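Residue numbers count from 1 along this sequence. Bear in mind the structure is a predicted one, so any value in this text is a computation, not a measurement. Computation of the quantities below employed the complete heavy-atom set of this structure, encompassing side-chain atoms and omitting hydrogens, waters and symmetry-equivalent molecules.
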Amino acid sequence: MTILERIKSNSAKLTDSDQKLLSALLENRMEAAYLSGSQIAERAQVHEASATRLAQKLGYKGYPELRAQLQREVLEGQDAANRMRRSVAKVEHGDFLADLVAAEVTALESLSRCISQSEIDEAADRIFQARRIFIFGQGHAQSVASFLQRRLDRFGMTTIALTGRGRDIAERVVGMERGDLVLALAFRKQPKSYPPLLRHAASAGAGSILISDLAGPMMEPRADLLLAAPRGRSGSEFQTPTIPFAIVNAILMTIAGRHEEPIIGRLEKLSDLFADFE
């Protein structure tokens, strides 16, 4: 049963607090799918325990199970052609630029509610301390992964790009060891090579970070650190690349800010090298 079907079946049991919670959940499903029970309760201005009680009334074991159902339902509506068709159809008078700006602003405003600075700090420190960073990104994530790798290279870090098919990736990670880090970027659905990569990292004693969107919380095995935020106003519309780039840039700025002396020293050395190579 879908969430809406469960709501209809249990409508007689729903209190005013339940209705407030449901309004907060369904008003913007994409963003709500990232929020914890306490966060959605705060948004609805009800007691924190109300989220758990509502989930149980609807037949779920708890709020995490309800949220997982919401995530699945949002993802099911993410066919690329239909997303673009819906995005184009809703724009009045062909004012696509203004609509895109509004969508970007909405997505960026939700970013800080989904990912905290403390989580960015943790990602920055893990990357800075890693012996080698294995960067994994396929499809739409590849452009963000390439950008991230180049920036980390400029910081003087040792990076390895995990591109190509599964066998190509296997050849590059066979020497992975404790102290290394897998930095994966994956959006919309779990890449085929993601599970064996994370399993190998765990068996080798390497750490893992996943930068993702709504699909992130459902990817298995779980990364040591998940940074996930919605890439649009809803799962049924155009998904912006601005959000993953913003997450990556926040990590890079945080690395430079928290480890300023060595990073600035490496950038100065790079400037000298640029002059020599020219």
For this session: Indicate yes or no: does R167 engage E171 in a salt bridge with an N to O separation below 4.0 Å.
Result: no
Exercise. Between R222 and E220, does at least one N-O distance fall below 4.0 Å, as a salt bridge requires?
Worked result: yes
Exercise. Cluster partners of L197, using ILVMFWY side-chain heavy atoms under 4.5 angstrom, listed by chain and number?
Worked result: F134, F136, I160, L162, I169, V173, M176, V182, Y194, L198, L210, M219, L226
Using distance alone, with no hydrogens and no angle criterion, decide if [X] and [Y] have a side-chain donor and acceptor under 3.5 Å apart.
X    : Y    : answer
E48  : S38  : no
S17  : T15  : no
Q129 : D125 : no

Problem set entry | More than 12 heavy atoms of other groups within 6.0 Å of Q19 CD | yes
Problem set entry | Whether over 12 other heavy atoms sit under 6.0 Å from D272 CG | yes
Any [X] side-chain heavy atom under 4.5 Å of [Y] side chain:
X    : Y    : answer
M157 : R266 : yes
Y63  : L54  : no
E177 : R131 : yes
C114 : P230 : yes
K20  : V46  : yes
L227 : I251 : yes
I3   : L25  : no
R132 : T159 : no

Using every non-hydrogen atom in the two residues, find where [X] and [Y] come nearest and quote the distance to one decimal.
X    : Y    : value
P191 : Q138 : CB-OE1, 3.7 Å
A206 : D224 : O-OD2, 4.3 Å
I120 : A250 : CG2-O, 3.7 Å
S193 : G166 : OG-CA, 3.8 Å
A51  : I40  : CB-CG2, 4.2 Å
A201 : G207 : CB-O, 4.5 Å

Problem set entry | Centroid-centroid distance, F187 to H140, less than 6.0 Å | no
Does [X] reach the main-chain N or O of [Y] with its side chain, forming a donor-acceptor pair under 3.5 Å?
X    : Y    : result
S203 : H200 : yes
R126 : L225 : no
E65  : K61  : yes
N10  : I7   : no
Q56  : G62  : no

For this session: Identify whether M253 and I209 are in the same connected component of the hydrophobic contact network (ILVMFWY, side-chain heavy atoms under 4.5 Å).
Result: no
Exercise. Going hydrophobic residue to hydrophobic residue with side-chain gaps under 4.5 angstrom, can you get from L108 over to V248?
Worked result: yes
Problem set entry | Sequence neighbours excluded, every pair satisfying salt bridge (Lys or Arg N to Asp or Glu O under 4.0 Å) that has a member inside residues 146-156 | none
Problem set entry | From CA spacing to verdict: side-chain contact (heavy atoms from CB on, under 4.5 Å), L148, V144 | CA-CA 6 Å; L148 175 58; V144 187; 5.6 Å; no
Problem set entry | Within 45° cone and under 6.0 Å: R6 NZ/CZ vs Y60 ring | yes
For this session: Take R43 and L21 through the side-chain contact (heavy atoms from CB on, under 4.5 Å) test and state the conclusion after the steps.
Result: CA-CA 8 Å; R43 178 166 296 190; L21 279 167; over 6 Å; no
For this session: Evaluate the side chain to side chain donor-acceptor pair (under 3.5 Å) criterion for residues S118 and S116: first the C-alpha distance (whole Å), next the side-chain angles of each, then the deciding distance (0.1 Å), finally the verdict.
Result: CA-CA 5 Å; S118 62; S116 66; 2.8 Å; yes
